[in-house]
Undergrad: 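Below is one structure. I have some questions about it.
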Amino acid sequence: MSKYIVTSALPYANGKLHIGHLAGAYLPADIFVRFLKLKNEDVIYICGTDEHGAPISIKAEAEGVSPKDIANRYHEKIKEGFDAVGIEFDNFSGTDRQIHYKLSQDFFKDLDKNGFISIKTSKQLYCEHDKKFLADRYVEGICPFCGYEGARGDQCDNCGKLIDATALIEPKCMICGNTPVVKETTHWFLDLPKFGDKLKNWIGTKSFWKDNVHKFIMSWLESGLIERAITRDLKWGIPLPIEGNDDKVLYVWFEAPIGYISSTIEWAKNQGDDDLWKKYWMDENTKLIHFIGKDNIPFHTIIWPALLMGQDKNFVLPYDVPANEYLNLEGKQLSTSRNWAIWVDEIAKDFDGEYVRYYLAANAPETKDSDFVWKDFQNSINNDLANVLGNLANRVFTFIAKFYDGKISKYSEVSDSALELLNSAKKIIREVETCYQNYKVRKATKLIIDLARLGNKYFDERKPWKMVKENKEGASETLYVCYQILEIISILFTPVFPKKMSKLRASMNLKSDFNWDDLCTEITDDVTIGEFKPLFTKIEDKEIDTQIEKLFANLKSKKKEKIVHKEDIEFDDFEKMELRIVKIIEVEKIKKSKKLLKILVDLDGEKRTVLSGIAKNYKPKDLIGKKVVMLINLKPKKMMGELSQGMILAATNGDKLSLLTLDREDLDIGSPIS
RNA sequence: GGCGGCGUAGCUCAGUUGGUUAGAGCAUCGGAAUCAUAAUCCGAGUGUCCGGGGUUCAAGUCCCUGCGCCGCUACCA
């Protein structure tokens, strides 16, 4: 028997969980693990929060608490979210614990000793007031690309581009507000290219990996591996284990995946056997399976395996990395910043957590992005669960109670239709098993609901309500067979509905200690049913309408961004700008660009070429003849091989854009603006 | 522009290595039934499988091309 370590991506401890997280990395893993446990496999399910990095320490400083407080707070919130929907880890740790510190430092030391670490100096922003390097989010300034004022040191929130902090215009230290200086700093790099061949060979053995994962890795490998910095100038994190460098910490992406191991070590200690973790991590037969979202593919298939390969200890390498695609919400991509999301704790408050499990399982983004649609959520629950499965259970139970005082016996003769049904059930059992084994949760749920449909069909065909009047014995066969079908479903659906199915089994007076093999043994005893209440209650239209309203209300409330005023300027400053009316005479698209238009304008005889990023909002032919406002004396700039001599003014709001035009057409070209 | 993905019934999607008359659920219409949470069951379907070309005895599936949409990326003076 092989052992399994199943992990889900470590959630970052500075925010809550939303349904996209669940659908991608947690629910599929949880279902897989519950399935393996049903099969009595030796499996541990490991996770924990990722607690270091700049965003957490910045939030901490903003709130005047310690980073640890932030990490602890969200660790608890995230855990509550998981509990609410029944995601059950064998261990849920965090990366700010001693075990993890030591292990991460050991990882670094081994890599260093084995020649996989190099040192480089580079330029970074340094605040002389706070005496520290301003990594990533510790600095804000004007985005060199879009001009957005709140751009961070690593990325601009407005245009989404990655930024080299030294390129920021008017950078400001987030702590004191002073202007930082550019200073050299030293960083340690992981020499990824040295692992190139080894990685290629290893990945070559992974032909069974999901197609999307394989494609992603190959394009990464082909574009060439580069050395990657694994240290940061921060206080919050795991200190670099090299003397005299206590101002450096290991970068989160380096240490976070090590959390899978340290969480397992913690688990072993809790089990009272400190070395137990080695039996999993150091056995080459262990199947290490990482469930992640698609954004995590390179880390888990290239960098993390490289880290493992560079160790003295023989750690097992990932066996499989089933990466899921994204879950959209009502047709649009989930977005935390725009508040376009459904939070796990909130949905679990309004609906049964297992409804959420079912819907997300039935719509898992396994091969492509899928969509969470509230109306569809309601439909799935009401039709599949309440009407099909719930009703099957309900009609069988009430029938047995009503006509047989809650007790029926094994039938003596089996009808053809019963045989047919039981054979279909056997086939479905095999198919469901294959699906679970291959992370195909979506198909598994569909198959099980199909079985419930077959049950209803069989019940209708046999018409026990009629037969019971003439041949009570014969009618009991139908009930007995349906009872068997329900028993099968109670096992098949346990990975998805652990609670509901155990409730169902309790009503059926079935043993609470059961496993997958029980699917092969037919019940032959008399059965007595217990107390029964409907398994699934329907979701009313009103409830869904409320949710939809809430969703859009959130969106609106977030859309209103505060207007941040700029510093006052002198009239002279304004006078410096030469703004004039120009007429557009020729427009053509720049082939290589989606947004840029090349515009030729007439400035009272003089002609100028301007590039403008308005191709998404205006068609070239609609622009010709328009009189617009242009900044004339802006320094010319080359873009996409063309020289732009000025800037056409436009108002923007999100995707909307409008050129500034005149409300009196008779004004001359070249008229100044003042 | 580069890389990747997608385009199948009104809607959400299945469609394995090319192989009979292209499927499921929902919604719609008609019927049966009354054990059951008005639940269930049966029947009816509607399709230029995005367009065009090609390979093949055979294409939703493979190749080329055009269009449309999405994601990442570059671009936004």
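Fair warning: this is a prediction, and the values are worked out from it, not measured in the lab. Note on naming: letters A, B, ... go to the chains in the order of the sequence lines (proteins, then strands), and numbering restarts at 1 for each one.
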Undergrad: Name the pairing partner of B:G30, where a pair is Watson-Crick or G-U wobble with both distances under 3.5 Å, or state none.
TA: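 Check on B:G30: paired to B:C42, both distances under 3.5 Å.
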Undergrad: Spell out protein contact along nucleotides 9-17 of chain B as letters: B when the base is contacted, S when just the sugar-phosphate is, - when no protein heavy atom is under 4.0 Å; keep the 5' to 3' order.
TA: ----SS---
Undergrad: Specify the separation, in whole Å, of atom CG of A:N383 and atom P of B:A38.
TA: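 Rounding to the nearest Å, CG of A:N383 and P of B:A38 are 14 Å apart.
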Undergrad: Using Watson-Crick or G-U wobble geometry with both distances under 3.5 Å, which nucleotide pairs with B:C72?
TA: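 Its partner is B:G2 (Watson-Crick or G-U wobble, both distances under 3.5 Å).
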Undergrad: Closer than 4.0 angstrom, basic N to acidic O: yes or no for A:E477 and A:K410?
TA: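 Between A:K410 and A:E477 there is no salt bridge, as every charged N stays at least 4.0 Å from the carboxylate O atoms.
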Undergrad: Using a 4.0 Å heavy-atom cut-off across all strands, classify A:F459 as base, sugar-phosphate, or nothing.
TA: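 Contact class for A:F459: base.
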Undergrad: Under a plain distance cut-off of 3.5 Å, with no hydrogens placed, do A:N324 and A:Y439 share a side-chain donor-acceptor pair?
TA: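 No - no donor-acceptor pair under 3.5 Å links their side chains.
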Undergrad: Could A:D352 and A:K500 be called an ion pair, given the rule that one side-chain N must be under 4.0 Å from one carboxylate O?
TA: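 The answer is yes: the pair qualifies as a salt bridge.
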Undergrad: Taking any heavy-atom pair under 4.0 Å as a contact, classify A:Y326: base, sugar-phosphate, or nothing.
TA: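 A:Y326: no heavy atom of the nucleic acid under 4.0 Å.
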Undergrad: Using a 4.0 Å heavy-atom cut-off, does A:N394 contact any base of the nucleic acid, only the sugar-phosphate backbone, or nothing at all?
TA: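 Here A:N394 touches the bases of the nucleic acid.
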Undergrad: Could you tell me the separation between the NZ atom of A:K375 and the C1' atom of B:A27, rounded to a whole number of Å?
TA: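 Spelled out: NZ on A:K375 to C1' on B:A27 is 12 Å.
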Undergrad: Can you figure out which of B:C26, B:C35, B:G71 approaches the side chain of A:N379 most closely?
TA: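 Of the candidates, B:C26 comes closest.
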Undergrad: So A:D369 and A:K294, salt bridge (Lys or Arg N to Asp or Glu O under 4.0 Å) or not? Walk me through it.
TA: CA-CA 10 Å; A:D369 290 358; A:K294 63 180 165 188; 3.2 Å; yes
Undergrad: Could you state the atom-to-atom distance from NZ of A:K446 to P of B:G23 in whole Å?
TA: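 So the NZ-P distance, A:K446 to B:G23, works out to 14 Å.
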Undergrad: Using the P atoms only, state how far B:A14 lies from B:G7, rounded to an integer number of Å.
TA: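 Pairwise P distance, B:G7 against B:A14, rounds to 8 Å.
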Undergrad: Is A:R608 paired with A:E606 through a side-chain N to carboxylate O contact shorter than 4.0 Å?
TA: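 Answer for the salt bridge query: yes.
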Undergrad: Can you tell whether the side chains of A:D460 and A:R395 come within less than 4.0 Å, N to carboxylate O?
TA: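 Salt bridge: yes.
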Undergrad: Whole Å only: how far is the CG atom of A:D460 from the P atom of B:C42?
TA: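 In whole Å, B:C42 P and A:D460 CG are 8 Å from each other.
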Undergrad: If we require ring centres under 5.5 Å and near-parallel planes under 30°, does A:F399 stack on B:C35?
TA: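 Stacking is absent between B:C35 and A:F399, given that the ring centres and planes do not meet under 5.5 Å and under 30°.
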Undergrad: Is A:E540 paired with A:K538 through a side-chain N to carboxylate O contact shorter than 4.0 Å?
TA: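 Here A:K538 does not pair with A:E540 in a salt bridge, since their nearest N and O are not under 4.0 Å apart.
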Undergrad: Apply the test side chain to side chain contact (heavy atoms under 4.5 Å, CB included) to residues A:V628 and A:I584: give CA-CA distance (whole Å), side-chain angles for both, the deciding distance (0.1 Å), then the verdict.
TA: CA-CA 8 Å; A:V628 295; A:I584 295 175; 4.1 Å; yes
Undergrad: By nearest nucleotide on RNA chain B, pick out whichever of A:N391 and A:V396 is the more 5' one.
TA: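 Nearest-nucleotide comparison on RNA chain B picks A:V396.
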Undergrad: Any idea which of B:C72, B:C42, B:A36 is nearest the A:K457 side chain?
TA: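 Comparing B:C72, B:C42, B:A36 against the side chain of A:K457, the answer is B:C42.
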Undergrad: Under a 3.5 Å cut-off for both contacts, is B:G23 paired Watson-Crick or G-U wobble with anything, and if yes, with which nucleotide?
TA: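 Its partner is B:C13 (Watson-Crick or G-U wobble, both distances under 3.5 Å).
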Undergrad: Does A:K402 make a side-chain N or O approach to OP1 or OP2 of B:A36 shorter than 4.0 Å?
TA: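 Yes, within the criterion.
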Undergrad: Using atom P of each nucleotide, how far apart are B:G31 and B:A36 to the nearest Å?
TA: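 Taking atom P in both B:G31 and B:A36, they lie 24 Å apart.
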Undergrad: Under 4.0 Å between any heavy atoms, over every strand shown, what does A:L649 touch: base, sugar-phosphate, or nothing? Just pick one.
TA: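 No contact.
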Undergrad: Taking the P atom of each, how far is B:G23 from B:G47, in whole Å?
TA: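 Result for the P pair: 13 Å, nearest Å.
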Undergrad: Using atom P in both nucleotides, what's the gap between B:C57 and B:G18 to the nearest angstrom?
TA: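 To the nearest whole Å, 15 Å.
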Undergrad: At their closest point, which heavy atom of A:R442 faces which heavy atom of A:S370, and how far apart are they?
TA: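 For A:R442 versus A:S370, the nearest heavy atoms are NH1-CB, 4.0 Å.
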Undergrad: Please give, in whole Å, the distance from B:A39 P to A:K538 NZ?
TA: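 Going from A:K538 (NZ) to B:A39 (P), I get 4 Å.
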Undergrad: For A:W465 and B:A32, give me the distance from atom CH2 to atom C1', rounded to whole Å.
TA: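 Nearest whole value for this atom pair: 10 Å.
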Undergrad: Please give, in whole Å, the distance from B:A27 P to A:Q378 CD?
TA: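 In whole Å, B:A27 P lies 11 Å from A:Q378 CD.
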Undergrad: Between B:A33, B:G25, B:C41, spot the one nearest the side chain of A:D384, thanks.
TA: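 So the side chain of A:D384 is nearest to B:G25.
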Undergrad: Can you tell me the Watson-Crick or wobble partner of B:G18, both distances under 3.5 angstrom?
TA: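 Result: none.
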Undergrad: Given A:Y404 and A:F399, is the side chain to side chain contact (heavy atoms under 4.5 Å, CB included) satisfied, shown in steps?
TA: CA-CA 8 Å; A:Y404 298 91; A:F399 204 100; 4.1 Å; yes
Undergrad: Whom does B:A59 pair with, Watson-Crick or G-U wobble, provided both distances fall under 3.5 Å?
TA: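 Per the H-bond distance test, none.
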Undergrad: Sticking with atom P, work out how far B:U20 lies from B:A58, rounded to a whole angstrom.
TA: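 Here B:U20 and B:A58 have their P atoms 15 Å from each other.
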Undergrad: Which sits closer to the 5' end of RNA chain B, A:A452 or A:P534, going by the nucleotide each is nearest to?
TA: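 With A:A452 and A:P534 compared, the 5'-side residue is A:P534.
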Undergrad: In whole Å, what separates the C1' atom of B:G60 from that of B:A22?
TA: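 The same atom, C1', in both gives a distance of 8 Å.
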Undergrad: To the nearest angstrom, how far is A:L385 atom CG from B:C26 atom P?
TA: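 My rounded result for the distance is 13 Å.
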Undergrad: Now, which nucleotide makes the Watson-Crick or G-U wobble pair with B:A36, with each of the two distances under 3.5 Å?
TA: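 Paired with no nucleotide.
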Undergrad: Does B:G71 have its OP1 or OP2 closer than 4.0 Å to a side-chain nitrogen or oxygen of A:K294?
TA: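 Answer is no, no contact under 4.0 Å.
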